[in-house]
S.K.: 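So that we are looking at the same thing, I have put the structure below in structure tokens.
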Amino acid sequence: MAAGSSNYWEDLRKQARQLENELDLKLVSFSKLCTTYSHSNNREGRRDRYSSDTTPLLNGSSQDHMFETMAVEIEQLLAKLTGVNDKMAEYSSTAGVTSINAALMHTLQRHRDILQDYTHEFHKTKANFQTIREREDLLGSVRKDIESYKSGSGVNNRRTELFLKEHEHLRSSDRLIDETISIAMATKENMTSQRGMLKSIQSRMNTLANRFPAVNSLIQRINLRKRRDSLILGAVIGICTILLLLYAFH
């Protein structure tokens, strides 16, 4: 029965680790899609200005479809991982595993922290993507208005130039924002990697801390046994000495 419970716990841990690995890969791809979305739209705008017959390999509509598909997949993985964590929590509270309940709760808490981090990262990336998409839609609307105005009767060239200058200013600001976002995403990936290393170190420290009390307890038992043996030996020597003295005087 105990072996079956242990196998059940190990199966749950394997499922959790597999889902966490899949989520990590999905979130990295999701983050890259968010970063490259505006760059792709900028390239599309340049093609529309200089070459109207050129079709981009990956336009905004395709990226929107990829975004929706990946978001659904990540939400499904998060739901599966939540279910596995719930099963692990239910197993750890079973009366039959109380002797190892502390170790199970430590492992469960670590998986819960990972789930929480992935959920927070997903919602943050999703919100950033939607913000960039809304900005690109606004800039695309302005670009279409300018192109429509340019293709008109050709009057009010001064106003057209002002519109173009303002549009170029917006594009420059947009490029600066994209670069800032790229730097922030790279920093976030670096911090995520460092966080994983720190969690690994913390796990090893906890393992050592759990082992040292057992070593200290063994050393104390050895010292107590030595002290007991010393007392017994001293008592025997004392009794023998007294007997020898009594024998010598009689």
Side-chain angles (χ1 to χ4, degrees), residues 1-37 58 62-130 133 184-215:
M1 184 68 180
S5 300
S6 177
N7 291 334
Y8 177 71
W9 174 257
E10 289 300 325
D11 290 339
L12 290 176
R13 288 193 62 188
K14 289 179 181 178
Q15 293 178 22
R17 287 195 294 266
Q18 182 178 0
L19 290 172
E20 288 167 359
N21 291 333
E22 293 179 7
L23 274 169
D24 187 67
L25 295 175
K26 289 288 185 181
L27 287 173
V28 170
S29 300
F30 197 63
S31 177
K32 290 181 179 178
L33 177 63
C34 176
T35 304
T36 58
Y37 180 83
L58 186 62
S62 299
Q63 287 187 321
D64 290 343
H65 179 70
M66 290 178 60
F67 168 77
E68 299 295 340
T69 301
M70 293 183 67
V72 171
E73 292 176 355
I74 293 174
E75 288 174 351
Q76 291 176 351
L77 289 174
L78 289 173
K80 290 180 180 179
L81 184 57
T82 301
V84 173
N85 283 349
D86 292 340
K87 291 180 181 179
M88 294 173 71
E90 181 180 358
Y91 174 82
S92 63
S93 61
T94 304
V97 293
T98 53
S99 61
I100 55 174
N101 191 45
L104 297 183
M105 291 302 297
H106 174 73
T107 302
L108 175 60
Q109 185 60 39
R110 186 176 62 184
H111 286 292
R112 282 177 172 173
D113 291 341
I114 294 174
L115 173 61
Q116 184 178 3
D117 291 340
Y118 284 160
T119 303
H120 176 72
E121 183 177 355
F122 167 67
H123 289 302
K124 183 178 179 180
T125 305
K126 184 178 181 180
N128 290 338
F129 185 94
Q130 291 175 345
R133 184 168 59 182
M185 296 300 294
T187 304
K188 185 198 70 174
E189 291 179 359
N190 189 14
M191 293 182 67
T192 301
S193 177
Q194 293 180 1
R195 181 186 62 197
M197 294 176 61
L198 290 175
K199 285 186 176 181
S200 177
I201 294 173
Q202 183 180 6
S203 176
R204 293 180 181 177
M205 293 296 294
N206 291 334
T207 301
L208 291 176
N210 292 331
R211 290 179 180 176
F212 281 138
V215 176

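Below, each value reflects all heavy atoms present in this structure, side chains not excepted, and no hydrogens, waters or symmetry copies.
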S.K.: Can you list the residues that meet the side chain to side chain contact (heavy atoms under 4.5 Å, CB included) rule with S193, with sequence neighbours excluded?
M.R.: none
S.K.: Which pairs of donor and acceptor atoms, one on a side chain in residues 78-90, lie under 3.5 Å apart (sequence neighbours left out)?
M.R.:
unit_1, atom_1, unit_2, atom_2, d
T82, OG1, L78, O, 2.7

S.K.: Using salt bridge (Lys or Arg N to Asp or Glu O under 4.0 Å) as the criterion, list what pairs up with E73, not counting sequence neighbours.
M.R.: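 So E73 forms a salt bridge (Lys or Arg N to Asp or Glu O under 4.0 Å) with K26.
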S.K.: Rounded to the nearest 0.5 Å, how far does CD of E22 lie from CG of L27?
M.R.: 11.5 Å
S.K.: Using 30° and 60° as the class boundaries, would you call the ring planes of F129 and F30 parallel, tilted or perpendicular?
M.R.: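 F129 and F30: parallel rings.
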S.K.: Output all residues satisfying salt bridge (Lys or Arg N to Asp or Glu O under 4.0 Å) with E121, sequence neighbours left out; order by chain, then residue number.
M.R.: K188
S.K.: Output side-chain donor-acceptor pairs under 3.5 Å for residues 109-120, partner residues at least two apart or in another chain, one line each.
M.R.:
unit_1, atom_1, unit_2, atom_2, d
Q109, NE2, D113, OD1, 3.0
R110, NH1, S203, OG, 3.4
H111, ND1, E20, OE2, 2.7
D117, OD2, K199, NZ, 2.9
T119, OG1, L115, O, 2.8

S.K.: Within this structure, what is the CD1-OG1 distance for the pair I74 and T69, rounded to the nearest 0.5 Å?
M.R.: 11.0 Å
S.K.: Can you find a pair of side-chain heavy atoms, one from W9 and one from T107, that are under 4.5 Å apart?
M.R.: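 A side-chain contact under 4.5 Å exists here.
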S.K.: What's the separation between atom CG in L25 and atom OG in S29, rounded to the nearest 0.5 Å?
M.R.: 7.0 Å
S.K.: Of all residues at least two apart in sequence or in a different chain, which pass the salt bridge (Lys or Arg N to Asp or Glu O under 4.0 Å) check with E75?
M.R.: K126
